[in-house]
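Letters A, B, ... are given to chains in the order of the sequence lines, protein chains preceding strands, and every chain is numbered from 1.
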2 protein chains.
Amino acid sequence: MAKEEVRKQFRLADLLRTEISELAVHDPIPGERALAERFGTSRVTIRQALALLQDDGLIYTVHGSGSFVAPPRVVKQMRLHSFTEEMKQKGLKPTTKVISAQLINDDESAIDDFVVLSEPAFRVERLRLGNLEPLSLEITYINQSVAPDLLKEDLTKSLYHILKSKYGQEVFSADEHLTPIIIDQEYAKVMKIPAGSPAIKIQRTGYNARGEEIERSISIRQGNRWDFKYSIRI
Amino acid sequence: MAKEEVRKQFRLADLLRTEISELAVHDPIPGERALAERFGTSRVTIRQALALLQDDGLIYTVHGSGSFVAPPRVVKQMRLHSFTEEMKQKGLKPTTKVISAQLINDDESAIDDFVVLSEPAFRVERLRLGNLEPLSLEITYINQSVAPDLLKEDLTKSLYHILKSKYGQEVFSADEHLTPIIIDQEYAKVMKIPAGSPAIKIQRTGYNARGEEIERSISIRQGNRWDFKYSIRI
DNA sequence: AAGTGGTCTAGACCACGAA
DNA sequence: TCGTGGTCTAGACCACTTG
């Protein structure tokens with residue numbers, strides 16, 4: 001017997017999603033009390049489902065009046081993405097070339113003063129390609145204590161996946177710092193694009209669910225092939 | 001007699017914030033039931049307050065175990081920002097120079113195929129400075145129907161503020177599309193920086209609470225003086 | 001005045017973690 | 001097993017919009 005795995009509010013949200021898709025923009029949605037009765041649930045749960053739809057930008061709500069179908073939007077909320085997932089979304093075939101992978105000690109210098117080592121860590125430098133074209137150069141630092149046998153893994157696979165499946169470390173949230181740069185000679189060579197091209201440098205710190213740092217990375221992304229879309233709320 | 005304006009969950013969150021600030025990282029926070037009893041509130045409300053703290057990255061929660069103080073983070077969640085607010089945060093004095101402001105018709109061409117006019121709209125081109133140094137060039141399009149007398153306003157002030165206070169149109173959310181570019185001769189002249197500098201172009205669409213588009217803009221931001229920090233969640 | 005969404009309550013049951 | 005957080009209920013009252 002299959003168990004009911006999904007939270008009620010999610011199932012309700014999905015039901016409402018299809019129902020809403022057949023309405024016109026600014027059409028009213030049935031009241032919360034009516035929905036609660038119809039689905040045999042409490043009003044709180046209905047409200048949670050509606051909140052999900054609101055986060056997706058499908059509906060908007062006016063206090064004292066009702067909820068209504070919102071005009072369609074193109075861009076979805078920014079989410080934590082792995083390279084592999086991003087490539088799939090864009091319909092490109094992702095591949096990875098490992099340039100170097102080594103253990104470095106805490107007294108060695110690091111790029112950029114972004115990475116300051118307090119203990120021995122692995123440094124993995126990889127070139128990321130989509131349909132065999134270089135799109136991004138990534139340098140990742142992971143403390144040895146986080147993933148002791150990292151160098152034995154297949155580093156052409158997703159580092160996130162390795163961290164999660166082999167070491168139980170899941171990247172749950174991340175801080176990113178984004179700067180526009182110009183590709184210099186050195187990068188141009190590695191990435192096989194002309195020097196002087198526009199690009200973006202992203203410095204990133206990844207945390208697990210407990211808010212502990214488990215990864216730092218620097219990635220250089222080719223500007224002609226990368227762009228960033230996101231939406232923000234007040 | 002002053003009315004109690006603030007939602008209980010917000011007051012609770014503030015109380016807990018100060019309480020948590022005196023604990024050490026990974027220290028446990030009292031259980032939800034205990035907090036509910038202590039503050040004479042229901043557990044639901046306590047949970048809402050804790051959710052606020054979790055969004056701020058102050059605590060993390062482990063199912064079946066408890067809630068704990070999270071390690072400190074530098075970056076806060078990305079929010080919808082006006083230029084003026086951003087400058088204040090960085091401690092710079094914001095000023096604005098209006099380059100041009102005019103009504104254009106729907107048959108005139110527009111930059112970039114980003115802006116496609118379906119009705120007459122105002123085009124406002126402004127240079128934004130921090131401590132008198134040019135930081136950003138902004139071209140904003142606002143439909144005439146949204147703000148009929150826009151050209152009579154003081155356009156060195158915040159457009160958002162004008163839209164809100166004079167026309168009751170508040171920008172509630174926005175989609176942004178970000179691309180790295182290289183400053184060309186034309187931009188170099190206006191912004192008084194060398195051609196070939198790194199920069200970021202942001203194409204932005206602003207919406208009101210009903211999800212209706214009220215503004216489009218293109219801004220060119222000098223890369224040496226601008227960067228973007230944000231955090232993301234799975 | 002009536003109907004809507006916004007906030008809050010008191011209590012129930014479930015799923016998970018630690019001892 | 002017991003205490004914790006996670007989900008849900010039924011119902012109350014308030015704030016707001018609309019006729």
Whole-Å distance separating the CZ atom of A:R210 from the P atom of D:dG5: 14 Å
Do you see a donor-acceptor pair shorter than 3.5 Å between the side chains of B:S145 and B:E119? yes
Quick one about B:Y167 and B:D149 (side-chain donor to acceptor, distance below 3.5 Å, no hydrogens or angles considered), yes or no? no
Regarding B:R216 and B:Y141, is there a side-chain donor-to-acceptor distance under 3.5 Å anywhere? no
Among B:K157, B:E138, B:R128, which residue meets the side chain to side chain donor-acceptor pair (under 3.5 Å) test with B:T96? B:R128
Assess whether salt bridge (Lys or Arg N to Asp or Glu O under 4.0 Å) is satisfied between A:E19 and A:R17, documenting all intermediate values. CA-CA 5 Å; A:E19 202 157 311; A:R17 239 182 278 269; over 6 Å; no
For residues A:A49 and A:L12, report the shortest heavy-atom separation together with the two atoms involved. CB-CB, 3.8 Å
Tell me which residues in residues 12-19 of chain B lie within less than 4.0 Å of DNA chain C, going by non-hydrogen atoms. none
Once ring-ring contact (aromatic ring centres under 6.0 Å, His included) is applied, what residue pairs with a partner in residues 28-50 of chain B remain, sequence neighbours excluded? none
For nucleotides 3-10 of chain C, read 5' to 3', which letter fits each nucleotide if B means a protein heavy atom sits under 4.0 Å from the base, S means only the sugar-phosphate is that close, and - means neither? BBBBBSBB
Check the side chains of B:S136 and B:S219 for a donor-acceptor pair under 3.5 angstrom, ignoring hydrogens and angles. no
